[in-house]
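Heavy-atom basis, side chains included; hydrogens, waters and symmetry copies ignored. All values derive from a computational prediction rather than experimental measurement.
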Amino acid sequence: DELAQIQVSHVTVTVNAIDLAVAEKIYAWVRHGKRVLHPREGVKLLLEKQLDAITRLKEKGIVVKVNSIIIPGINDAHIPEVARKMGEMHVDILNCVPYYPNKGSTFENIPEPSKEIIARIRKEAAKFVPQMHHCTRCRADAVGLLGEEMPQELLKSLKTCESMPETQTLKINASR
């Protein structure tokens, strides 16, 4: 409502998976407010929030672009299903962006998708939603500001949350 009130013309929402099992392979944790949620609980909430946001944005007549990051072996075969769902939701354009490996990230050993894989996925996805083709890189692990070094303290905290067992996560959330 507030975005429509201030006349925002377009919004980008990242949706890397609509299947919870696929999403759990992508997100080691999800932060909601002050709570850090384990993947099982977190990805369900994340998907609900993403789909609700898209629905409400479209109801307000706001142009919606969805970014889906192609992560080989994780969600590459799933992106057409994401595109189908986004088409059903009348998303205006889908940006299937290749993942770019980053040293120190969880997915640092996953290779960048080939141009052939990207072309195939975009062709499949185009059956459901118009495609955006001019983005060439994406950092699925991006935190902070582009062009600035991520503080090591923040990187350490994110790595700690990523490997934290669910019972530990629950203890941290209970103390907040």
J.: Using the rule side chain to side chain contact (heavy atoms under 4.5 Å, CB included), only one of Val97, Thr12, Leu94, Ile93 pairs with Met132; which is it?
T.: Ile93
J.: Would you check if Thr14 and Val66 make a side-chain contact, meaning some heavy-atom pair closer than 4.5 Å?
T.: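 Thr14 vs Val66: side chains apart.
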J.: Is it true that Asp1 and Lys60 have a side-chain N and a carboxylate O under 4.0 angstrom from each other?
T.: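 Yes.
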J.: Drop me the distance from Cys96's SG to Asp76's CG, to the nearest 0.5 angstrom.
T.: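 Rounded to the nearest 0.5 Å, the SG-CG separation comes out at 11.5 Å.
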J.: Between Glu81 and Arg84, does any side-chain N to carboxylate O distance fall below 4.0 Å?
T.: yes
J.: In chain order, what residues pass the side-chain contact (heavy atoms from CB on, under 4.5 Å) check against Gln50, with sequence neighbours excluded?
T.: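 Residues passing side-chain contact (heavy atoms from CB on, under 4.5 Å) with Gln50: Val13, Val15, Leu46, Leu47.
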J.: In sequence, state the C-alpha distance, the side-chain angles, and the governing distance for Asn67 and Asn95, and then conclude on side chain to side chain donor-acceptor pair (under 3.5 Å).
T.: CA-CA 5 Å; Asn67 284 346; Asn95 185 19; 3.0 Å; yes
J.: Is there a salt bridge (Lys or Arg N to Asp or Glu O under 4.0 Å) between Glu48 and Lys44? Walk through the geometry before answering.
T.: CA-CA 6 Å; Glu48 287 172 6; Lys44 184 174 187 258; 3.4 Å; yes
J.: Taking C-beta and beyond as the side chain, do Leu51 and Lys85 meet within less than 4.5 Å on heavy atoms?
T.: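 SC-SC contact between Leu51 and Lys85 confirmed.
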J.: Side chains of Thr55 and Met89, heavy atoms from C-beta outward: is any pair under 4.5 Å?
T.: yes
J.: Any heavy-atom pair between the side chains of Lys58 and Asp92 that's under 4.5 Å?
T.: yes
J.: Applying the 4.5 Å side-chain criterion to the ILVMFWY set and letting contacts propagate, would Ile117 and Ile26 be lumped into a single cluster?
T.: no
J.: Backbone N or O of Gln5 within a donor-acceptor pair of the Gln7 side chain at under 3.5 Å?
T.: no
J.: Give a yes or no on whether the backbone of His38 and the side-chain of Tyr27 come within a donor-acceptor separation of less than 3.5 Å.
T.: no
